[in-house]
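See structure below.
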2 protein chains.
Amino acid sequence: MQDGVDCKDCPLRRLEIFHAFSPSDLAFMREFKIGELRVDPGGPILVEGSRNPQLFTVLAGMGLRYKTLPDGRRQIINFVMPGDFIGLQAAMGGAMGHSVDATTPMTLCVFRRSEFLDVFRDNPSRAYDVTWRVATEEHFLGDALASVGQRSAIERVAWAMVRLHQRTAALGLADDGSIPFPYRQQDLADTLGLSLVHTNKTLAKLRERNLVSWVEGRLHLHDLDTLGRIAVVDPNEEPLRRPLI
Amino acid sequence: MQDGVDCKDCPLRRLEIFHAFSPSDLAFMREFKIGELRVDPGGPILVEGSRNPQLFTVLAGMGLRYKTLPDGRRQIINFVMPGDFIGLQAAMGGAMGHSVDATTPMTLCVFRRSEFLDVFRDNPSRAYDVTWRVATEEHFLGDALASVGQRSAIERVAWAMVRLHQRTAALGLADDGSIPFPYRQQDLADTLGLSLVHTNKTLAKLRERNLVSWVEGRLHLHDLDTLGRIAVVDPNEEPLRRPLI
DNA sequence: CGGTCTTTTGATTATATTCAACTTAAGTGG
DNA sequence: CCACTTAAGTTGAATATAATCAAAAGACCG
């Protein structure tokens, strides 16, 4: 470890959503982490097609993960939040399939990528965790695909809000139904496969029904049950506890 | 190994798209494989929500991987083909996030799932391969999401055909522009987030332009360049060689 | 043959996009 | 301090795209 937060003091470790670190996990992480990177809002973290094998975990801040079609259209794959692990594709020798940008100031833990392959040899349980995280991310993408493919505009917007609430609440970022949302309507539109105008009008409908309000970069969700019903999501699912990498 | 094809004779091994097996890989796979499963067309292989930790590789035949919304709408996540590795989520202790059904007679290699965790301890390079496969699948899902979210109906249909051609050609299943397509139009519709009727009319447009024909469960792609241009896909990408698991 | 499933087609309706204009809010530089 | 610019959100109107509805034609099977 060079600079930044010592893994033993990592604020993410305290969250229930993450598995407890064993002493050996902790020792490993301290060895694996080589520093921190700060990125300003709007700044790029990883770019699609690049083969720069950089591995990060988000320590603080939020961002966007997105793909761009050859003609410039953009599909947002996911919102990026603390605890997210990014850069795996490039670390495994491939080209990044998507870009990641910051939308708030972000702090990233930077890992020793040269030894990434060695993780599999030296620390099987960490390797298992990495695989688990990727499999879980794949699961989420399947869910997102089902949304964009099958849900109507209002269902999609409600779905995004319910999911965002689940994620931010697990990170302790939700205050009484209010969650951080440092994005533009265009970002939400590109997430859900809707036009900007239609996204705006759909948000207005939810606002008129007193289900959500959006002020100063935070979303206030006034009636999660109703949102969940609109979104056609199974209300019984709870966020999975997961390994922190 | 109990019955079925001995891994050393596995027909998939001969394909260029898959990495060569080292003798130790081969020994490992022979140990890891415990048998084969045959499934009839229409039969279920894995069901969403189940926690039955079964691990398979597709040896022959094709199928569908899909999610179902609580109200019954269906989103197809991907077409399943020989060499595909399925059941990982359940093998890692989670619930399946999707179902898998056969659409042709299928033969699956069944793996010793009880020892899946041990793979990470005993065979790091296989573990790495598993992770690589999942990361690649995630990459594909991002691509699919971008299609459903950003492309028009005709672009989506063309996109599906180009991708299908890439996949089947890599498996040696494409004959002179003709590829197996053991699905219904409803399946294509549920893949692309379109209604059945609109999918049918969009296919008719491509047929009228002499770009595709669809007879007896095979798609004939008469002009891949034009299809690629319609699909807005980067023509320079080639399928990645990948580990066989 | 009758029945079921799939594909096809036309007509109608709904949903979402595009276009265009206007409002705020937040810089920037004279 | 104030014009000027730029980015983001909002709104209405026109248009396009896709969904829905309905019916018929093939295909396949017992």
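Atoms considered below: every heavy atom in the structure, side chains included; atoms not considered: hydrogens, waters and symmetry mates. Throughout, protein chains are lettered first and strands after them, A, B, ... in sequence-line order, and every chain is numbered starting at 1.
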Pairs under 3.5 angstrom, nitrogen or oxygen only, protein versus nucleotides 18-22 of chain C, please.
none

Next on the checklist: What residues from residues 209-220 of chain B pass a heavy-atom cutoff of under 4.0 Å to DNA chain D?
Outcome noted: none
Next on the checklist: Checking the side chain of A/Arg151 only, and the main-chain atoms of A/Ala231 only, is there a donor and an acceptor separated by less than 3.5 Å?
Outcome noted: yes
Checklist entry - Where the side chain of A/Glu137 meets the backbone of A/Val134, is there a donor-acceptor pair that is under 3.5 Å apart? => result no
Item to check | Residue met sooner reading DNA chain C from 5', once A/Ala153 and B/Gln185 are mapped to nucleotides | outcome: B/Gln185
Item to check | Nearest-Å distance for atom pair NZ/C1', residues A/Lys205 and C/dA14 | outcome: 11 Å
Checklist entry - Roughly how many Å is it from CZ in A/Arg151 to P in C/dA16, rounded to a whole number? => result 14 Å
Item to check | Short side-chain donor-acceptor distance under 3.5 Å, B/Ser178 and B/Arg218 | outcome: yes
Item to check | Aromatic centroids of A/Phe79 and A/Tyr183 separated by under 6.0 Å | outcome: yes
Next on the checklist: For chain A and DNA chain D, what are the first and last nucleotides along the strand, 5' to 3', with at least one atom under 4.0 angstrom from a heavy atom of the protein chain?
Outcome noted: D/dA8 to D/dA13
Checklist entry - Applying the side chain to side chain contact (heavy atoms under 4.5 Å, CB included) test to B/Arg167, which of B/Ile17, B/Ile179, B/Asn78 qualifies? => result B/Asn78
Checklist entry - Rounding to a whole Å, what distance do you find between B/Arg184:CZ and C/dT8:P? => result 14 Å
Next on the checklist: Tell me if a side-chain donor or acceptor on B/Thr103 pairs with a main-chain N or O of B/Met62 at a distance below 3.5 Å.
Outcome noted: yes
Checklist entry - So, the side chain of A/Lys67 versus the backbone of A/Gly97: is there a donor-acceptor pair under 3.5 Å, distance only? => result yes
Checklist entry - Between atom CD in B/Glu155 and atom C1' in C/dT17, what is the gap in whole Å? => result 14 Å
Next on the checklist: From CG of A/Leu194 over to P of C/dT15, roughly how many Å is that when rounded to an integer?
Outcome noted: 13 Å
Checklist entry - How would you label the contact of A/Arg156 with the nucleic acid (heavy atoms, under 4.0 Å): base, sugar-phosphate, or nothing? => result nothing
Checklist entry - Any chance the side chains of A/Gln150 and B/Asp190 put a donor and an acceptor closer than 3.5 Å? => result no
Checklist entry - What orientation do A/Trp214 and A/Phe181 show, parallel under 30°, tilted 30 to 60°, or perpendicular over 60°? => result perpendicular
Next on the checklist: In whole Å, I'd like the distance from the CD atom of A/Gln186 to the P atom of C/dT17.
Outcome noted: 11 Å
Checklist entry - Is B/Glu208 reaching over with its side chain to a backbone N or O of B/Lys205, donor-acceptor style, under 3.5 angstrom? => result no
Next on the checklist: Could you check whether A/Arg38 and A/Thr107, counting side-chain N and O atoms only, form a donor-acceptor pair closer than 3.5 Å?
Outcome noted: yes
